[in-house]
Chemist: 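Quick one: the structure is below, and I'll ask about it shortly.
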Amino acid sequence: MSYEMILVETQGHVGVIRLNRPKALNALNDQLMDELGAALVQFDGDADIGCIVLTGSDKAFAAGADIAAMANYSFMDAYKGDYITRNWEQIRKIRKPVIAAVAGYALGGGCELAMMCDFIIAAENAKFGQPEIKLGTIPGAGGTQRLPRAVSKAKAMDMCLTARMMDAAEAERAGLVSRVVPLEKLFDEAMAAATVISAMSLPTVMMIKESVNRAYELTLSEGVLFERRMFHSTFALEDQKEGMKAFIEKRLPAFRGI
Ligand code: CAA
């Protein structure tokens, strides 16, 4: 499939998707989100891919949902048609890890898209925010739900109600991003992390992603039980035998994803 609003490539066992609407600071419209969903599904189904990196430009990961495209929607357009974010959920169905490499603005839907990824690596110039309130609306793709889980209620309320932006250092302190690196190192850092992950046992990687995500949906005891069942099931994998044997034999494991 050819894409107009994203650039897609493969580097080793890593799938790379770059949002590419530079004139609109990667504002997220239906076409871009459809293309993103399709590219993610394609990488998820590709046996050669172990991890996906989602990134934007040096100036913007994404400045939010496309304001011009939705400015004149009526309530019925938005509600009945489930417009604007109806095609955003695809990313949540992806079972391989997706790393967001964020430089510049990650605002509104851009911040929400980054939070839908499994973890965020930020450049020093990254700025996160949920400024929808300035437009007379509210975050519509999980901002009011994922942000408090990521950074606490106090900071989420502060950001959603005042529309202030959080810089990369604050985002790291608050736990929104896992690492902050100089802009020129952002892509290499994300690729290095993705390469490490893609050398692991793929079914184990997928089980970890599934288990960590359960932490946001379940009680502690239910989550721990889910984790234990997943842990037990790894003993059915040849990769578990290989991983532990390699440790005992003091060599690197050669995982085969089975
Ligand atoms: N939608 C559509 N176009 C956008 C956009 C957006 N979210 N963000 C930026 N653009 C466009 C601008 O209109 C401008 O286009 P033109 O050159 O044709 O005028 C171009 O991108 C460059 O933007 P600026 O000139 O504004 O650049 P700047 O450097 O002065 O400011 C900015 C950058 C602070 C990010 C500013 O563009 C801005 O505030 N953007 C909007 C951010 C926002 O409100 N996001 C939330 C959107 S609503 C949402 O996302 C809902 C949801 O939860 C799903």
Side-chain angles (χ1 to χ4, degrees), residues 4-7 17-37 40 54-94 98 100-117 120 122-151 153 155-171 176-177 183 186 216:
E4 289 176 4
M5 298 197 170
I6 58 173
L7 301 172
I17 303 173
R18 190 178 288 277
L19 306 178
N20 189 35
R21 271 191 92 192
K23 287 187 184 143
L25 300 183
N26 293 333
L28 306 166
N29 63 10
D30 271 352
Q31 184 182 340
L32 187 152
M33 292 309 289
D34 281 342
E35 291 183 8
L36 175 60
L40 286 166
L54 176 61
T55 194
S57 70
D58 286 356
K59 186 168 182 198
F61 177 72
D66 190 322
I67 298 167
M70 67 182 156
N72 291 320
Y73 281 155
S74 67
F75 167 76
M76 283 306 277
D77 290 333
Y79 179 72
K80 188 156 169 271
D82 197 17
Y83 283 172
I84 308 161
T85 59
R86 69 176 184 275
N87 54 356
W88 288 43
E89 295 296 309
Q90 197 65 55
I91 191 165
R92 295 183 53 228
K93 297 181 194 145
I94 301 304
V98 183
V102 174
Y105 296 111
L107 300 179
C111 185
E112 292 167 311
L113 177 61
M115 289 192 289
M116 286 182 212
C117 297
I120 302 172
E124 282 166 350
N125 74 340
K127 285 188 187 306
F128 298 87
Q130 298 290 164
E132 290 89 345
I133 195 167
K134 288 202 291 185
L135 301 169
T137 186
I138 74 168
T144 66
Q145 303 304 302
R146 291 196 181 90
L147 196 58
R149 284 165 167 83
V151 304
K153 175 186 167 189
K155 273 197 192 287
M157 283 287 191
D158 181 359
M159 289 172 68
C160 293
L161 290 174
T162 69
R164 84 170 172 88
M165 293 184 212
M166 198 185 256
D167 68 16
E170 184 181 2
L176 180 60
V177 310
L183 176 58
L186 176 67
Y216 291 93

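Order of listing sets the numbers, starting from 1, for every ligand and every atom in it.
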Chemist: Can you find a pair of side-chain heavy atoms, one from N87 and one from L36, that are under 4.5 Å apart?
Modeler: no
Chemist: Distance below 4.0 Å between atom 44 (O) of ligand 1 and any protein heavy atom?
Modeler: yes
Chemist: State, to 0.1 Å, how close I133 and C160 come at their nearest heavy-atom pair, and which atoms those are.
Modeler: CG2-O, 3.4 Å
Chemist: Do E170 and M159 come close enough that some side-chain heavy atom pair is under 4.5 Å?
Modeler: no
Chemist: Can you find a protein heavy atom under 4.0 Å from atom 20 (C) of ligand 1?
Modeler: yes
Chemist: Which of the atoms in ligand 1, numbered in the order shown and given with their element, are less than 4.0 Å from a heavy-atom of A24?
Modeler: 4 (C), 9 (C), 10 (N), 11 (C), 21 (O)
Chemist: Before accepting this row, confirm whether a basic side-chain N of the pair R21/E35 lies closer than 4.0 Å to the acidic partner's carboxylate O.
Modeler: no
Chemist: How does M70 reach ligand 1, if at all, at less than 4.0 Å between non-hydrogen atoms: by side chain, backbone, both, or neither?
Modeler: side chain
Chemist: Quick one: does atom 48 (S) of ligand 1 have a protein heavy atom under 4.0 Å from it?
Modeler: yes
Chemist: Return a yes/no value: protein heavy atom under 4.0 Å from atom 30 (O) of ligand 1?
Modeler: no
Chemist: Do you know which two heavy atoms are closest between A163 and K134, and how far apart they sit?
Modeler: CB-CG, 3.8 Å
Chemist: Distance below 4.0 Å between atom 25 (O) of ligand 1 and any protein heavy atom?
Modeler: no
Chemist: Got the closest protein heavy atom to atom 38 (C) of ligand 1, with its distance?
Modeler: L107 CD1, 4.7 Å
Chemist: Of all heavy-atom pairs between L107 and F128, which one has the smallest distance, and what is that distance?
Modeler: CD2-C, 4.1 Å
Chemist: For ligand 1, which atoms, with element, lie under 4.0 Å from some heavy atom of P131?
Modeler: 43 (C), 44 (O), 45 (N)
Chemist: Taking atom CG of N29 and atom CD1 of I67, what is their separation to the nearest 0.5 Å?
Modeler: 12.5 Å
Chemist: E112 heavy atoms, cut-off 4.0 Å: which ligand 1 atoms fall inside?
Modeler: 52 (C), 53 (O), 54 (C)
Chemist: Quick one: does ligand 1 sit under 4.0 Å from the side chain of K59, the backbone, both or neither, non-hydrogen atoms only?
Modeler: side chain
Chemist: Give, for atom NZ of K59 and atom CG of N26, the distance between the pair rounded to the nearest 0.5 Å.
Modeler: 11.0 Å
Chemist: Below the 3.5 angstrom mark, is there an N/O of E132, backbone or side chain, next to an N/O of ligand 1?
Modeler: yes
Chemist: Report the part of A63 (side chain from C-beta onward, or backbone N, CA, C, O) that has a heavy atom under 4.0 Å from ligand 1; answer both or neither where that applies.
Modeler: both
Chemist: With L19 as reference, evaluate L7, L54, T55 under the side chain to side chain contact (heavy atoms under 4.5 Å, CB included) test and give the passing residue.
Modeler: L54
Chemist: Which atom pair, heavy atoms only, marks the closest approach of L183 to D58?
Modeler: CD1-OD1, 3.8 Å
Chemist: What is the minimum heavy-atom distance between L186 and A123, and which atoms define it?
Modeler: CD1-N, 3.7 Å
Chemist: Among all protein non-hydrogen atoms, which one is nearest to atom 37 (O) of ligand 1, and what is the separation to 0.1 Å?
Modeler: L25 CD1, 3.8 Å
Chemist: Quick check on contacts: which atoms of ligand 1 are under 4.0 angstrom from a heavy atom of G140?
Modeler: 52 (C), 53 (O)
Chemist: Counting only heavy atoms, tell me which of P139, A68, G108, G104 gets closest to atom 46 (C) of ligand 1.
Modeler: G108
Chemist: Indicate, as side chain, backbone, both or neither, the part of L135 found under 4.0 angstrom from ligand 1 when only non-hydrogen atoms are considered.
Modeler: side chain
Chemist: Could you check atom 16 (P) of ligand 1 against the protein and tell me its nearest heavy-atom contact, residue, atom and distance included?
Modeler: K23 O, 4.8 Å
Chemist: Relative to ligand 1, is A27 under 4.0 angstrom through side chain, backbone, both or neither, heavy atoms considered?
Modeler: side chain
Chemist: Please evaluate residues L113 and M33 with respect to the criterion side-chain contact (heavy atoms from CB on, under 4.5 Å), reporting the C-alpha separation (whole Å), side-chain torsions for both, the decisive distance (0.1 Å), and the verdict.
Modeler: CA-CA 10 Å; L113 177 61; M33 292 309 289; 4.2 Å; yes
Chemist: Quick test: of every protein heavy atom, which one is nearest to atom 1 (N) of ligand 1, and how far off is it to 0.1 Å?
Modeler: I67 N, 2.9 Å
Chemist: Return yes when atom OH of Y216 has more than 12 non-hydrogen atoms of other residues, nucleotides or ligands closer than 6.0 Å, and no otherwise.
Modeler: no
Chemist: Yes or no, since that's all I need: does a protein heavy atom fall within a distance strictly under 4.0 Å of atom 12 (C) of ligand 1?
Modeler: no
